[in-house]
Amino acid sequence: MVRSEVAYQKCISPACGATYDVGEAHVACTKCGDLLDVRYDWDRAAPPDDLRYFEQMWSQRSDPTRFSGVWRFHELLPFARREDAVTIGEGQTLLQQADEVARYAGLNPGRLFLQYEGMNPSGSFKDNGMSGAFTHARSIGAKQAACASTGNTSASLAMYCSVTQLMKAIIFIGSGKIAYGKLSQGLDYGALTVQIEGDFDDAMVRVKEVCRDLGIYLVNSVNPFRLEGQKTIMFRVLEGLGWEPPDWIVVPGGNLGNSSAFGKAFSELAELGLIERIPRLAVINAAGADTLYQLYETRGVRWQGGHGDMNLVTEYYREMDEQAKKASTLASAIEINRPVNLRKCLRALEVCNGVVRQVSDQDIMDAKAKVGAGGIGCEPASAASVAGTKLLRDEGIIGADDRVACILTGHLLKDPTATVAYHAADQEQFDRVLGSRGVRRASFANRPVLVPNNLDEIIKAIKLHN
Ligand SMILES: *Cc1c(COP(=O)(O)O)cnc(C)c1O
Ligand SMILES: [Zn+2]
């Protein structure tokens, strides 16, 4: 059951401010069309007064909702009763100190941390949000759930459906854009997969229409309950640092759900007096999908307490349409030109004194190789966070002694095609997969060594390359 006595939904536009019961399912404010937040009456919800409270939860891990890296923070997202939370073991993720990667980015040893969200059941951070959306969907009796996806949201939705058997999954993907690891998940978990002619932005428009017409529950990050689950990524970063906020959180930006959730997490923690300082937020676009960068850094679009000039956004989208500009990057998880959470992200950038940068596919692939060689590894989009950190270090905006947490959003095995094309010597494959996106060299390639099937030759080759 949802908890209408402590939680409600509220339009983020201060000019509107419409509220809705927490038991309703909306993907936008029905009065003005803006995004909705899940809000709490904190006096009634009575969260703990010290974050160290959450350290006791691990000793209760035989209870699946305390084992979950999302629901063991239930007191900070109490929109449903904890007994009714849906969990498949999401959020058991690691904050890893990575000194090799720090060296690459220009940070001093001990200053760079990688929050490895690839360790989630479906291999990306999306599971944090999906457990939130599923908890809400079940409590209101939804029978079918849908999403548009560049691959990871659909993999996550499909997995939650197959594990819990609570709902049927319908996933919308664009043509030819989805990484094989992600596509294979949706198919194997038995989701109805609808591939439409078009890209992610097209699929997003259609899935909203279909959900409206057929009464299907939408789990894209316009769903505010998704973002409640994703707040916990920040709680775990804080936990990994002994509850001491880092100086910077660096995250790739696609549909901007994560960055929006992080901003909400920090503003709530500050409001509750649970942290004394809010980290700065850096959102990193791929250069081929740089809408947020263009709007925030070049055109000066700001939240301004909800009163910023959004005509600049309309204008920019009109220009994109005129030029028929489509998103294009190897980092397929962030290949998005019309981020649905733009306004919430602008709010997060205000709360966290944020910056936005764009990085090339070359920089992303090189950073990815460094993450693999000095950490657990990640998919291309995730490495934008490390490439962005390096750029902000070069610019002097991040200091060499700043403590930085980069969010590694997805697992290395999600997109083996990109990884193999980078490391393997075959020029034809390199050109087809990477060259077409403007990647010119594999700066840190680890090439396979070809040897005849002969013991002496093999030993010679090992000695030569060791
Ligand atoms: C979804 C996704 C992103 C983008 O996150 P947003 O919340 O949409 O900005 C980045 N990396 C990976 C691996 C993803 O799956
Ligand atoms: Zn409204």
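First listed ligand is number 1; within each ligand, the first listed atom is number 1.
- Residue A381 approaches ligand 1 through these ligand atoms, each under 4.0 Å from one of its heavy atoms: 11 (N).
- With respect to K325 and E319, no salt bridge is recorded, no charged nitrogen being found less than 4.0 Å from a carboxylate O.
- Ligand 1 places these atoms under 4.0 Å from at least one heavy atom of G410: 13 (C).
- Summary of contacts: the protein heavy atom closest to atom 7 (O) of ligand 1 is N258 N, 2.8 Å.
- Given atom 6 (P) of ligand 1, the protein heavy atom at minimum distance is L256 N, 3.5 Å.
- At a 4.0 Å cut-off, at least one heavy atom of G253 sits close enough to ligand 1 to count as contact.
- Counting the atoms of ligand 1 from 1 in the order shown, those under 4.0 Å from a heavy atom of E379 are 13 (C).
- Computed with the Zn ion (ligand 2) at the centre, the C32 SG to C16 SG angle is 110°, stated to 10 degrees.
- Where the criterion is an N or O separation shorter than 3.5 Å, residue side chain and backbone included, N152 meets it with respect to ligand 1.
- Note on R347 versus E350: no salt bridge recorded, every NZ/NE/NH1/NH2 to OD/OE distance being 4.0 Å or above.
- Residue, atom and distance of the protein heavy atom nearest to atom 1 (C) of ligand 1 are K126 NZ, 1.4 Å.
- Legend: residues meeting side chain to side chain contact (heavy atoms under 4.5 Å, CB included) with D202, ordered by chain and number and at least two apart, are I196, D199, K326.
- Of the protein's non-hydrogen atoms, the one nearest atom 5 (O) of ligand 1 is F125 CZ, 3.5 Å.
- Contact check on D37 versus K344 returns a salt bridge, with a Lys/Arg side-chain nitrogen under 4.0 Å from an Asp/Glu carboxylate oxygen.
- Each of the following atoms of ligand 1 lies closer than 4.0 Å to a heavy atom of I334: 3 (C), 4 (C), 10 (C).
- Less than 4.0 angstrom separates some heavy atom of G257 from each of these atoms of ligand 1: 6 (P), 7 (O), 9 (O).
- Relative to atom 8 (O) of ligand 1, the option among T409, I336, I407, N255 with the closest non-hydrogen atom is N255.
- Classification of the F444-Y104 ring pair by plane angle, with boundaries at 30° and 60°, yields perpendicular.
- In this structure, F225 and H136 have parallel ring planes: the angle between them is below the 30° cut-off, well short of the 60° mark.
- Applying the 6.0 Å contact sphere to CZ of R44 captures no more than 12 heavy atoms from other residues, nucleotides or ligands.
- Here the CG atom belonging to D363 is positioned 10.5 Å from the CD atom belonging to Q358, to the nearest 0.5 angstrom.
- For the pairing with E117, the side chain to side chain donor-acceptor pair (under 3.5 Å) check across T409, N128, N258 returns one residue only, N128.
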